[in-house]
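Down below is the structure, laid out as structure tokens.
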Amino acid sequence: KWSFRIKVSSKDDHIFGMRRFSIQNPRTRRFQSEPLFLEMLREYGILAPRYFHSQVYVNGDNIGVMAIEEHFSKELLEHNGRKESVIIRRDESRLFGAIEELSSSPVSSRLIAFQENKVFRSPELTQYYAIAIGMMRGFLSGRLQASEVFDVVLMGRYLALVDVWGADHSLGHNSRFYYNPITAKLEPIGFDANIDEVKGFTVGKVEGMTDKNNFIFLVYQETLRKLEKDLGNDLYLARYTEMDRAYENELRGEFFLKPPPFFNQSSPMFSAMRENVSEMLKTTRREPFIVGHIGECSELPFRGWAVNTHTPDETVQISAY
């Protein structure tokens, strides 16, 4: 079960609507946990590659069930309803050579774009690339706030889902970001969650994030409240249970020792997910803080709004002299 990177040579041809994709052992991405996680990201409007299973033949020999994972390309953006632009990431070539520790020195790491040759042939994409890299550099160096760089709604949702699923592996050097030229903000892209098990919630993650941007944290909390309701709703869970069962039928015959179905009331992973949501909400509600916005005004009085995170559904209008 070797892994393959497939690139369709003809510009006019596609396979499953894709021109670039990988074929790999389903075990690599922890079986059905990856496509289920990506599906929930899409539900929240977050970019995610197509991912499914198929029987694969190499030179006429059946090598069994393999996972098909879409690569980062124009087709991925089109499938997710986004305008063509650039997708950036950290350069991983030095990570595996142990020359540079990216996680401890993010500012010194090199930022690159997917399909750079194509990007630099287009004046428009080259401009998007320069903007995206500049924004990310500004954030990593502390010169720009998170709300100035990222789409705060999508980032807040993404971080909440990553924490609930225990998908930390998709952060750090696996992070991918799309520069949206319409909103002029960076959006996260779900990738390589590697959900072996749903890990317990740790307070440090949330505290570190709230220090960076309270707007993102407000969306983070809102997402947790929605998930708490949805994960207790049988009608909502029915769709994921059906998908989970379909993946089981595809995989169990060959991987008979794989983990149990994910969306099952008796599944330890599903139980851990629900417990994560509950604990995260308890922890994040413990200390209230104010998220606010003051409208731009050259002279007094100025007006704006504020939200107490303990009562996030109530917006308070404020004015000052």
Could you pull out all residues at least two apart from [X] that satisfy salt bridge (charged side-chain N to carboxylate O under 4.0 Å, His left out)?
| X | value |
| --- | --- |
| Arg42 | Glu39 |
| Arg157 | none |
| Glu254 | Lys1 |
| Arg19 | none |

[X]: which residues meet the ring pair (Phe, Tyr, Trp, His ring centres under 6.0 Å) condition with it, sequence neighbours left out?
| X | value |
| --- | --- |
| Tyr44 | none |
| Tyr158 | none |
| Tyr247 | His53 |
| Phe150 | Phe139, Phe177 |

Has [X] got a side-chain atom pairing as donor or acceptor with [Y]'s backbone, closer than 3.5 angstrom?
| X | Y | answer |
| --- | --- | --- |
| Thr126 | Val119 | yes |
| Glu70 | Leu76 | yes |
| Ser267 | Phe263 | no |
| His169 | Asp192 | yes |
| Gln221 | Leu218 | no |
| Lys83 | Leu77 | no |
| Asn80 | Arg82 | no |

Check [X] against [Y] and note the closest heavy-atom contact, atom names and distance.
| X | Y | result |
| --- | --- | --- |
| Gly190 | Pro49 | O-CD, 3.1 Å |
| Val86 | Ala132 | CG2-CB, 4.2 Å |
| Met66 | Asn25 | CE-N, 3.8 Å |

Next on the checklist: Between Glu75 and Ser73, do the side chains contain a donor N or O and an acceptor N or O under 3.5 Å apart?
Outcome noted: yes
Checklist entry - Strictly by modelled atom types, are Asp163 and Tyr220 linked by a side-chain donor-acceptor pair under 3.5 Å? => result yes
Item to check | Criterion salt bridge (charged side-chain N to carboxylate O under 4.0 Å, His left out) against Glu69, the qualifying member of Arg5, Arg20, Arg29 | outcome: Arg29
Item to check | Test salt bridge (charged side-chain N to carboxylate O under 4.0 Å, His left out) applied to Lys282 and Glu279, step by step | outcome: CA-CA 5 Å; Lys282 287 179 185 177; Glu279 289 302 312; 3.7 Å; yes
My understanding is that only residues two or more places apart in sequence, or in another chain, count here; which of them pass side chain to side chain contact (heavy atoms under 4.5 Å, CB included) with [X]?
| X | result |
| --- | --- |
| Ser3 | Gln24 |
| Tyr236 | Met40, Glu43, Asp230, Asn233, Tyr240 |
| Lys258 | Phe31, Gln32, Glu248, Leu251, Arg252, Phe255 |
| His79 | Arg50 |

Next on the checklist: Please report the interatomic distance CZ(Arg176) to OG(Ser170), rounded to the nearest 0.5 Å.
Outcome noted: 10.5 Å
Checklist outcome for this item: OG (Ser85) and CD (Glu124) are apart, to the nearest 0.5 Å, by 8.0 Å
Item to check | Parallel, tilted or perpendicular, as decided by the 30° and 60° cut-offs, for the rings of Phe16 and Phe52 | outcome: perpendicular
